[in-house]
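Beneath this line is the structure, given in structure tokens, with notes to follow.
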Amino acid sequence: MDTCLFCQIANQERPGKMVYEDEQAVAFEDINPKAPIHILIVPRQHLATILDATQADDRLLGHLLLVANRIAKQIGIAERGFRLVINCNSEGGQAVYHLHLHLLGGRPLSWHPA
Ligand code: AMP
Ligand code: ZN
């Protein structure tokens with residue numbers, strides 16, 4: 001997807017503060033962080049929403065969760081705790097239509113998703 005913001009960041013056609021890269025996924029800092037740690041974990045493959053994932057993507061989805069684990073440990077927030085969020089479609093608050101996991105942490109997070 002030539003015009004997709006997160007495809008462009010993943011392909012280094014747009015700047016992003018990368019914290020992790022591998023063959024299947026990239027992770028970069030959110031431009032408008034909602035917590036001291038706010039990292040987006042993004043598959044290189046363009047899937048608009050989590051609803052677009054199929055059985056063929058099961059390994060990729062698992063991989064994204066393991067990347068989150070790895071980053072949380074690497075940046076030292078694993079023991080304290082963190083949150084992973086996927087927003088889907090309009091009432092889910094999705095603004096960028098390329099699947100991504102939000103990794104949030106660095107302070108106590110209240111359970112107030114709205
Ligand atoms: P969502 O609402 O789940 O689609 O989340 C989209 C996220 O992308 C928001 O937290 C934005 O702050 C973030 N975002 C938008 N543009 C950029 C960008 N150029 N670089 C990094 N993060 C971005
Ligand atoms: Zn994309």
Side-chain angles (χ1 to χ4, degrees):
M1 289 279 286
D2 292 351
T3 58
C4 169
L5 177 62
F6 286 178
C7 281
Q8 288 174 342
I9 293 175
N11 294 332
Q12 295 186 335
E13 293 160 10
R14 241 178 216 269
K17 288 193 180 166
M18 286 292 171
V19 298
Y20 178 86
E21 283 189 73
D22 67 28
E23 282 184 3
Q24 296 179 81
V26 300
F28 49 87
E29 291 179 11
D30 195 291
I31 205 168
N32 181 19
K34 309 293 189 297
I37 304 291
H38 189 168
I39 291 168
L40 302 175
I41 299 157
V42 176
R44 290 189 184 275
Q45 179 186 339
H46 180 88
L47 293 169
T49 78
I50 187 66
L51 290 169
D52 294 294
T54 69
Q55 198 62 42
D57 303 308
D58 62 349
R59 289 179 72 91
L60 175 62
L61 296 182
H63 182 70
L64 298 176
L65 293 174
L66 294 176
V67 168
N69 266 359
R70 186 166 168 166
I71 294 171
K73 289 176 188 164
Q74 204 170 356
I75 64 180
I77 60 166
E79 292 305 320
R80 293 163 62 192
F82 58 91
R83 183 170 295 162
L84 300 176
V85 173
I86 297 175
N87 296 324
C88 183
N89 280 341
S90 107
E91 289 196 3
Q94 186 169 4
V96 176
Y97 279 77
H98 178 130
L99 175 63
H100 51 283
L101 265 70
H102 296 257
L103 167 57
L104 296 152
R107 66 167 165 77
L109 300 169
S110 61
W111 182 235
H112 183 61

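What's counted below: heavy atoms across the whole structure, side chains too, no hydrogens, waters or symmetry copies. First listed ligand is number 1; within each ligand, the first listed atom is number 1. Bear in mind the structure is a predicted one, so any value in this text is a computation, not a measurement.
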Just by distance, do the side chain of Arg44 and the backbone of Val26 share a donor-acceptor pair under 3.5 Å? no
If we number the atoms of ligand 1 from 1 as shown, the ones under 4.0 Å from a heavy atom of Asn32 are 12 (O)
Inter-residue atom distance Arg14.CZ - Cys7.SG, 0.5 Å rounding: 11.5 Å
Provide the number and element of each atom of ligand 1 under 4.0 Å from a heavy atom of Leu40. 8 (O), 13 (C), 22 (N)
Is ligand 1 less than 4.0 angstrom away from at least one heavy atom of Val85? no
Could a heavy atom of Glu29 be found less than 4.0 Å from some atom of ligand 1? yes
Among all protein non-hydrogen atoms, which one is nearest to atom 6 (C) of ligand 1, and what is the separation to 0.1 Å? His100 NE2, 3.5 Å
Set of side chain to side chain contact (heavy atoms under 4.5 Å, CB included) partners for Ile37, sequence neighbours left out: Ile39, Ile75, Ile77
With no hydrogens and no angle check, is any side-chain donor or acceptor of Asn11 less than 3.5 Å from a backbone partner on Glu13? no
Just distances here: any N/O of Asn87 and N/O of ligand 1 closer than 3.5 Å? yes
If you measure every N/O of Ala95 against every N/O of ligand 1, is any gap under 3.5 Å? yes
If you round to the nearest 0.5 Å, how far is CD of Glu29 from CG of Leu103? 11.0 Å
What is the number of protein N/O/S atoms located under 2.8 Å from the Zn ion (ligand 2)? 4
Can you list every salt bridge (charged side-chain N to carboxylate O under 4.0 Å, His left out) pair that touches residues 56-79, not counting sequence neighbours? none
Before signing off on this row, confirm whether Leu5 and ligand 1 have an N or O atom pair separated by under 3.5 Å. no
Donor-acceptor under 3.5 Å (Arg83 side chain, Ser110 main chain): yes
Please check whether Val96 reaches ligand 1 - meaning an N/O of the residue sits under 3.5 Å from an N/O of the ligand, judged on distance alone. yes
May I ask you to check whether Phe6 and Phe28 place their ring centres under 6.0 Å from each other? yes
What orientation do His46 and His98 show, parallel under 30°, tilted 30 to 60°, or perpendicular over 60°? perpendicular
Can you list everything that forms a side-chain hydrogen bond (donor to acceptor under 3.5 Å, both in side chains) with Asp52? Sequence neighbours excluded, please. Thr49
Atom 2 (O) of ligand 1: the protein heavy-atom neighbour that sits closest, reported with distance to 0.1 Å: Gly93 O, 2.8 Å
Would you say Asp30 and ligand 1 have an N/O pair spaced under 3.5 Å apart? yes
Are Ile31 and Ile9 connected, step by step, through hydrophobic side chains (Ile, Leu, Val, Met, Phe, Trp, Tyr) whose heavy atoms are closer than 4.5 Å? no
Could you tell me whether Ile31 and ligand 1 have an N or O pair separated by under 3.5 Å? yes
Which segment of Phe28 sits under 4.0 Å of ligand 1 when only heavy atoms are counted: side chain
Tell me whether ligand 1 is touched by Phe6 - counting only heavy atoms on the residue side and a distance under 4.0 Å. yes
For a 4.5 angstrom cut-off between non-hydrogen side-chain atoms, does Leu99 reach Leu64? yes
Using distance alone, with no hydrogens and no angle criterion, decide if His100 and Asn87 have a side-chain donor and acceptor under 3.5 Å apart. no
Determine, using heavy atoms of His102 and all atoms of ligand 1, whether some pair is separated by less than 4.0 Å. yes
